Each structure stands twice: as structure tokens, then as C-alpha cells.
Amino acid sequence: MNYRRIQSISYFLIGLLALSAETHARGKKDKATEEEPQDAIEVLGHVPLTGASITRFLTTQHYSSYYLYVEHEGGKTVTLIDVTKASGPVVVADVAYPAGQQSSSLFAVAGTAALVTESQAGPAASSPAQTVHLMDLSDPQHPAVTREFRGVTAMTKDEQRGLIFVAASDGIWILHQSLAFDPEMLKQWLRQVSAP
């Protein structure tokens, strides 16, 4: 074969390979651009609204479960929703606040425990006093009031230490907000520590 002919074929093949490589690189750039993570806000789950409109949310965790407390307008009820699996939220219970209350409001939640305030007009007070109920919702079908504070005029939280300060008619109460230790997490930790 002629040397010039071999050289021409070689140049042709080299040009073809270069063109193919460039086209392949462009395709990769287009694919890389398409596959790069994009900012997004997406809908994961939905719970139909029933009853009074919602005025407030409080979130908490109990072991490895996550809960959303939903306060309804009028201060009569609260809905407890398990949002552990955000794409499949589950309404655990619609709970009425303790009987006889005018208007109630969630102040703090810790797992399945809730601190609920009740407004009541004081006879000569410049601001209304409240009754505060400590509720146990660990059995949502049978919620219980475990403690009651009357004549409450002020409350605040120390988030860092998990403390709640309540000024009641009989003095200042200091409450501690804590979550129970998850036994499953302890088991996982022990497995990791004892692993070779």
C-alpha cells in the first residue's frame, strides 16, 4: 500500500476519533448538568383538615417516632399526628382539652406529654390568670391530666436546659422537659461499641 494512502487513512481515523471523543464529552456535560442535584420543595404527605381551623403546630420526638401536635381554633381540641414517615402521616388521636375550659393552648410538648394552658379571667387582675394542665398522651385513647397549676400569671422556657418556669398562685414551679431514652438506640450503640 502506498505510504500517502496509509497516512490519509490514519489522519481520517484520528479525526473521526477526535470528533467522537468531543461528541461524547458534550453528551457527558449535558448528562452531568441534568443529573446535578436541584433545589426543590416537594409535597410528601397530606392529612385532610376536619373541624376547626388550625392555629398552631408544635413538633416533638418520642424514641424514634416524630409527632406533630396540631392546635385548633377555639382552644377546645388538639390533634396528635405521627409524622415519623412524612409521606404517610397517621392521625393518632383528636383529643379534647380537659373539660370545662374556656380556651386552651399548648405551651410545651415532650414526646407524648403536653403542657396545656387554660385562660380564665381574674376578678381584679390586669391580665387574665391561667390554669395550666400537665397532660399525659402516652395512651391517646385515654389522655390524662397528671398535674394542674392554678392562677398562673407567667411562664417561660429555658430551651437549653429543658426547664419550664411557672408562676402560679402558690409560688414558682420549675418543670423539666425531657424525652425518654430510646432503647433501640441503646441497642444500636452497644452493637457498634462491641463490634471488632
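Index from 1, following the sequence. Excluded from the calculations below are hydrogen atoms, water molecules and symmetry mates; all remaining heavy atoms, backbone and side chain alike, are included. Remember, predicted model here, so these are calculated numbers, not experimental data.
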Worksheet item: Is any side-chain heavy atom of Met135 closer than 4.5 Å to a side-chain heavy atom of Val95?
Response: yes

Worksheet, complete the sentence: Applied to residues 187-196, the salt bridge (charged side-chain N to carboxylate O under 4.0 Å, His left out) test, sequence neighbours excluded, yields Glu184-Lys187

Worksheet item: Which pairs count as salt bridge (charged side-chain N to carboxylate O under 4.0 Å, His left out) when at least one residue sits in residues 167-180, sequence neighbours excluded?
Response: none

Worksheet item: Looking only at heavy atoms, which two atoms of Leu106 and Ala114 are closest? And how far apart?
Response: CD2-CB, 4.0 Å

Worksheet entry | Which residues share a side chain to side chain donor-acceptor pair (under 3.5 Å) with Gln188, sequence neighbours left out | none

Discussion item. I need the minimum non-hydrogen distance between Leu137 and Tyr69, along with the two atoms involved.
Written reply: CD2-CE2, 4.2 Å

Practice prompt. Can you sort out the partners of Ala110 under side chain to side chain contact (heavy atoms under 4.5 Å, CB included), two or more places apart, ordered by chain and number?
Written response: Gln177, Leu179

Discussion item. Tell me every residue that passes side chain to side chain donor-acceptor pair (under 3.5 Å) with Ser138, counting only those two or more places apart in sequence or in another chain.
Written reply: Asp136

Worksheet item: Are Val145 and Val109 joined in one hydrophobic group, where the rule is that I, L, V, M, F, W and Y side chains link up if heavy atoms are under 4.5 Å apart?
Response: yes

Which pairs would a plain distance check flag for residues 80-91, meaning a side-chain donor or acceptor within less than 3.5 Å of a matching protein atom at least two apart in sequence or in another chain?
unit_1, atom_1, unit_2, atom_2, d
Asp82, OD1, Thr84, N, 2.9
Asp82, OD1, Thr84, OG1, 2.5
Thr84, OG1, Tyr66, N, 2.9

Worksheet item: Is His142 atom NE2 crowded by more than 12 heavy atoms from other residues, nucleotides or ligands, each under 6.0 Å away?
Response: no

Fill in: Closest contact, heavy atoms only, Thr60 versus Gly111
OG1-N, 2.7 Å

Practice prompt. List the atom of Asp94, the atom of His72, and the distance in Å for their closest heavy-atom pair.
Written response: OD1-NE2, 4.4 Å

Worksheet item: For Leu134, does its backbone N or O pair with a side-chain atom of Thr146 as donor and acceptor, under 3.5 Å?
Response: yes

